[in-house]
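Accompanying notes for the structure given below.
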Amino acid sequence: MTFRVRFAPSPTGFLHVGGGRTALYNWLFVRHHGGEFILRSDDTDSERSTDEFRADILDSLRWLGIDWDEGIEVGGPHGTYRQSDRFGRYREVAEAFVGSGAAYYDGATSDDLKQIRDEAAASGTSPVYDGRHRLAIEEAKKQIAEGETPPIRFAVPRPGETRFDDAVRGEVVFGHSNVDDFVILRSDGSPTYHLASTVDDVDYAITHVVRGEDILSSTPKHILITQAMGAEQPIYAHLSLLNGPDGKKLSKRHGDTAIRAYRESGFLPTAVVNFLAILGWSPGDDEEVVPRSEMVKRFDLGAVSKNPAVFDTTKLEWMNGVYIRQMSPETFAADLGDLVATDLGRDLSPAETQSLVDLAPLVQERAKLLTEVAPQVRFLFVDELEYDETSWGKVMTTPEAQVSLQGAATAMEAAEWTHDGVETALRAMLEQHEISARKGLQPLRVALTGSSVSPPLFESIVAVGRESTLARFEAALRRIG
RNA sequence: GCCCCCAUCGUCCAGCGGCCUAGGACGUCGGCCUUUCAAGCCGGUAACACGGGUUCGAAUCCCGUUGGGGGCGCCA
């Protein structure tokens, strides 16, 4: 049997980190077992579904490197893989259920339902609708003829219970006295989530349903529908949810939750994937930075953690730095070039590109986020340096600053224009004036880059070039007064 | 209110009855390196929620309490 999993987001929002993690676990599971990943769109809620969200979900999945074998945009034997195109199919199943007695047309009013809830609260029992207002078939037909279609509810067998073996949580049991006769087809003829999702899982021959824990208590409903369809029940796996740092459900107020936000703030997809994978699963051997291929090799639903994880990006930031340092110098330099061009709003000349390539490894070593990288080398490409006033105040007000700047100007004229040449000249100059490296070099750094924080000085000087370096030292000297 | 799930350092994860004086990672603190900032290296800090059982022996099994999360819609 081929394993078939699905990821079925509703396009009612951007793909968020929790959804991304669910998709990833599905993907890791099915790639591990050599099965098929189906992507469908659970868009029965046409009011809230938008094309923008639909596109964002696909983009984000692709960015994460999660590919699918069947479904949205790639096609397959089951049509568009959009639930909004399958309302006829859902209605057909619902009506067949009515025919077989598995479901019924219901006549309960909202007041009736409220009364049941109130009764339950008063008696300390579950607020469960038990079908007491179900319509006789003749009555239902009469209402339909009059143009007033009642909703269809599933007849949950009571007494009874549904138990299943969850791949991550173990055996779970729900007594049917706690499961109410849920609506499967609304009075406007549209299917509810329970119906549409389950019918799709059956029709698409899904073997493993891996999803968030928020639907754990709906699972008996899905199993009941599956049984009523005469289909074989898939294996369910419910993943714990992600919480915010305060332990509460992850939401907007905890900061960015959309995958795209991480992409935009300079995270690498490899790092995000690794971090998400580790958040609730362990590859074993006390290892955490693990390449994707290795994750596929080791992934196992049984090893997925049951407890909810706090989504804390501190470790993600560290991990992103690790992945940046893992990039080949060529790749990083190329990415840096693009980033700088965007930052500057223009293309770089070949000479500029060369000096950037020379400095790139030094920047790569320090980077945590791709977005912080362009500003660090901006000094290479500007005519007018903007000084960071805090830096200036810290290093330019000492007596050594002026001496060092003056001495450096002279030293630079004669220096061999290489890292070693510049270093030798500068160190000799400092020694001559009996200035420590710390006191003497920092003013040069600020004069050259505008900030007391920069890539290493000697390489930076070489990259900026003799003429421009001298000009910057003189400009700083003038500014000191 | 009812149902379900969960419970190890601040955070993530390891531990699946003896190997635990509980391990790794991030963070944090201290040190080394050093031209800044990082990176790197070394070291420290810090947890089995509580109470009962079961067992020769429990972080590991069972029950209860407490705490957290989820669900209880003609939303998904």
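Residue numbers start from 1 in every chain, and the chains themselves are labelled A, B, ... in the order their sequence lines are given, proteins ahead of strands.
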Using a cut-off of 4.0 Å on non-hydrogen atoms, how would the nucleic acid contact of [X] be classed: base, sugar-phosphate, or nothing?
X: A:T125; answer: sugar-phosphate
X: A:S452; answer: base
X: A:S187; answer: base
X: A:G321; answer: nothing
X: A:I278; answer: sugar-phosphate
X: A:H194; answer: base
X: A:T44; answer: sugar-phosphate
X: A:N178; answer: sugar-phosphate

Gap in Å between the two [atom1] atoms, one belonging to [N] and one to [M], rounded:
N: B:C33; M: B:C42; atom1: C1'; result: 11 Å
N: B:A76; M: B:C48; atom1: C1'; result: 38 Å
N: B:C16; M: B:G68; atom1: C1'; result: 23 Å
N: B:A46; M: B:C2; atom1: C1'; result: 39 Å
N: B:A14; M: B:A7; atom1: P; result: 11 Å
N: B:C63; M: B:U55; atom1: C1'; result: 16 Å

_Where A:V156 and A:D180 come nearest, the two heavy atoms and their spacing_ =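 Taking every non-hydrogen atom into account, CG2-O, 3.5 Å.
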*When you match A:R153 and A:A122 each to their closest nucleotide on RNA chain B, which lands nearer the 5' end?*
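It is A:A122, whose closest nucleotide lies nearer the 5' terminus.
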Does any N or O donor sit under 3.5 Å from an N or O acceptor when you compare the side chain of [X] with the base of [N]?
X: A:K315; N: B:C12; value: yes
X: A:S305; N: B:C13; value: no
X: A:E213; N: B:G71; value: no
X: A:R445; N: B:U35; value: yes
X: A:R366; N: B:U36; value: yes

*asked:* Is the terminal nitrogen or CZ of A:R134 (NZ for Lys, CZ for Arg) located under 6.0 angstrom from the six-membered ring centre of A:Y104 and within 45° of that ring's axis?
replied: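 Yes, cation above the ring, under 6.0 Å and within 45°.
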*A:S217 side chain: which of B:A76, B:G71, B:C3 is closest?*
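Of the options given, the side chain of A:S217 lies nearest B:G71.
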_Shortest side-chain distance from A:E365, nucleotide among B:A38, B:C6, B:U36_ =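 Taking heavy atoms from C-beta onward, the closest nucleotide is B:A38.
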*Qualifying residue, where the test is ring-ring contact (aromatic ring centres under 6.0 Å, His included) with A:F182 and the options are A:F154, A:Y193, A:Y129*: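 Checked A:F154, A:Y193, A:Y129 against A:F182; only one passes ring-ring contact (aromatic ring centres under 6.0 Å, His included): A:F154.
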*Decide yes or no on salt bridge (charged side-chain N to carboxylate O under 4.0 Å, His left out) for A:R54 and A:D43, but give the supporting numbers first.*
CA-CA 9 Å; A:R54 215 185 305 274; A:D43 59 352; 3.2 Å; yes
_A:E171 side, atom CD; A:R163 side, atom CZ - distance, nearest 0.5 Å_ =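 If we round to the nearest 0.5 Å, A:E171:CD and A:R163:CZ are 4.5 Å apart.
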*To the nearest 0.5 Å, what is the distance between CG (A:D166) and NE2 (A:H238)?*
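A:D166 atom CG to A:H238 atom NE2 measures 6.0 Å (nearest 0.5 Å).
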*Please give the nucleotide sitting opposite B:C9 as a Watson-Crick or G-U wobble pair, both distances under 3.5 Å, or none.*
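Here B:C9 is not engaged in any pair, so there is no nucleotide opposite it.
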